[in-house]
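Have a look at the structure below, then the notes.
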Amino acid sequence: MASSVFSLASATPSASLSSHDIEKISSQGKLNLRNTSLCFKKEKNNPFMKTKSFGRISMVVASNVSRFEGITMAPPDPILGVSEAFKADNHELKLNLGVGAYRTEELQPYVLDVVKKADKLLLEKGENREYLPIEGLAAFNKVTADLLFGADNPVIKQQRVATVQGLSGTGSLRLAAALIERYFPRGEVLISSPTWGNHKNIFNDAKVPWSEYRYYDPKTVGLDFEGMIADIKAAPEGSFILLHGCAHNPTGIDPTPEQWEIIADVIQEKNHIPFFDIAYQGFASGSLDADAASVRMFVARGMEVIAAQSYSKNLGLYAERIGAINVVCSSPDAAARVKSQLKRIARPMYSNPPVHGARIVANIVGDAALFKEWNAEMEMMAGRIKNVRHKLFDSLSSKDKSGKDWSFVLKQIGMFSFTGLNKAQCDNMTNKWHVYMTKDGRISLAGLSLAKCEYLADAIIDSYHNVS
């Protein structure tokens, strides 16, 4: 209790006394509270005021106890919390390899030149800022489906894709999760082990049950393909199988084209529904078409597919929260009904999505010159990460005299590398070397420069060999 005011009522006129005064009076024998019963009641007009009765004496106690007292402190986010710790560190050699955001060779945030041009064009057009429809910007929805499935894909021409603009990848996944919870009451989602940390939060929040399928093999620091297939086969028929379309997060380990075919075989045999998370199209390999190959292969088989997209990485539109959820259906009528329900879910959740980033995407993809420039910048960004990956491998191989095989670094793809370090080793990376990373051993190569590769290699080798 921060403070209390006591009002004494008796035969004499009422007086206002402090708690110190009450204690003083009591000690002088003028107020005996020792054997007096206590009665509490809320004041009619103030729920935070309580009246204590001591015989003929009433005390009104003002209390500032919060009605939210029962709410506990939430733990820090395992990824975004890394950035906060990094900011608080003043060491000159510190590295932030936690958050998945592209950096230049000087380790500075990068705004694509093509985005700057699109921004300027939007300013010159002077378009209004009216609300978008619930499903988002029509031009954006068209180009985003075309990018993922291919403009000439029959599912596009037959209008069998329900596309709704979402709040980047996270919001788009959340819409799909709500759809599953509402219309597939016995549906279960299978998630790779490990996976992006927010996947589990999304399905937990949507009240959708999930389990894991084996994916990462710590012995080889590669794909546990046999375990993956066995777990997908063992899942209840009609399960939703969450797949990373390219550049698996956090491992950077992708199935080969031949393995993708086998995965599709099993999913089709078990009547499962493939659910793709596409966060890195064009950013992983530098090719939009190559990075969409897995999704297009499933669609070409005639399967109904869910696919969430994000433009945070490939266009650097992190803060604009631009993405989409696509549901490929067996008929145009089914697609129309699915879209109507996605809109129904979005309306009470956030009403409608933001327009600025959607216009940027629509204008870049819709303009031949800007689209060509975007492809060139994606190749540049993907190329820089590949160069850093090779440099890190070379540094590890030349510095480590133990004979350990570090080739897994080269076999992985995208902005992340799964180092195989355990939590204690990751703690050593941070506490001793000031390298900030997630505790599962994932590092973001997009936050690494060529100049820092040798320093990072020293930190990894020390942590791997000297911390059990």
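All heavy atoms count here, side chains included; hydrogens, waters and symmetry mates do not.
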When you compare the side chains of [X] and [Y], does any donor N or O come within less than 3.5 Å of an acceptor on the partner?
X: Thr163; Y: Asn141; value: no
X: Asp254; Y: His244; value: no
X: Tyr311; Y: Thr144; value: yes
X: Asp462; Y: Asn466; value: yes
X: Asp289; Y: Ser287; value: no
X: Gln281; Y: Asn314; value: no
X: Tyr436; Y: Asp89; value: yes

Exercise for review: Step through the shown structure and confirm whether more than 12 heavy atoms of other residues, nucleotides or ligands are within 6.0 Å of CZ on Arg301.
Suggested key: yes
**Study point:** NZ (Lys411) with more than 12 external heavy atoms under 6.0 Å
**Key:** no
Hey, does [Y] have a side-chain heavy atom less than 4.5 Å from the side chain of [X]?
X: Leu456; Y: Leu396; value: no
X: Asn375; Y: Met378; value: yes
X: Pro354; Y: Leu167; value: yes
X: Tyr280; Y: Ile413; value: no
X: Ile443; Y: Leu392; value: yes
X: Trp433; Y: Asp458; value: yes
X: Arg174; Y: Ile325; value: no
X: Glu212; Y: Ser192; value: no

Can you label the angle between the [X] ring and the [Y] ring as parallel, tilted or perpendicular, going by 30° and 60°?
X: His248; Y: Tyr215; result: parallel
X: Phe371; Y: Trp374; result: perpendicular
X: Trp196; Y: His199; result: perpendicular

Output yes when a side-chain donor or acceptor of [X] lies under 3.5 Å from a complementary backbone atom of [Y], and no otherwise.
X: Lys270; Y: Lys233; result: yes
X: Glu261; Y: Glu258; result: no
X: Arg214; Y: Ser193; result: no

Interatomic spacing from [atom1] in [X] to [atom2] in [Y] - rounded to 0.5 Å:
X: Ile360; Y: Leu121; atom1: CD1; atom2: CG; value: 10.5 Å
X: Asp367; Y: Lys372; atom1: CG; atom2: NZ; value: 12.0 Å
X: Lys313; Y: Tyr102; atom1: NZ; atom2: OH; value: 14.0 Å

Exercise for review: Run the numbers on Asp427 and Lys432 for salt bridge (charged side-chain N to carboxylate O under 4.0 Å, His left out), then give the verdict.
Suggested key: CA-CA 8 Å; Asp427 287 339; Lys432 179 177 178 180; over 6 Å; no
Exercise for review: Report the C-alpha separation of Arg337 and Asp333 in whole Å, then their side-chain angles, then the decisive distance to 0.1 Å, and conclude whether the salt bridge (charged side-chain N to carboxylate O under 4.0 Å, His left out) test is met.
Suggested key: CA-CA 6 Å; Arg337 284 183 277 114; Asp333 180 59; 3.0 Å; yes
Point to revise | Qualifying residues under ring pair (Phe, Tyr, Trp, His ring centres under 6.0 Å), relative to Phe225, sequence neighbours excluded | key: none
**Study point:** Counterpart residues, ring pair (Phe, Tyr, Trp, His ring centres under 6.0 Å), relative to Phe240 (two or more places apart)
**Key:** Phe184
Review point. How close do Leu122 and His356 get, heavy atom to heavy atom, and via which atoms?
Key: CD1-CE1, 3.9 Å
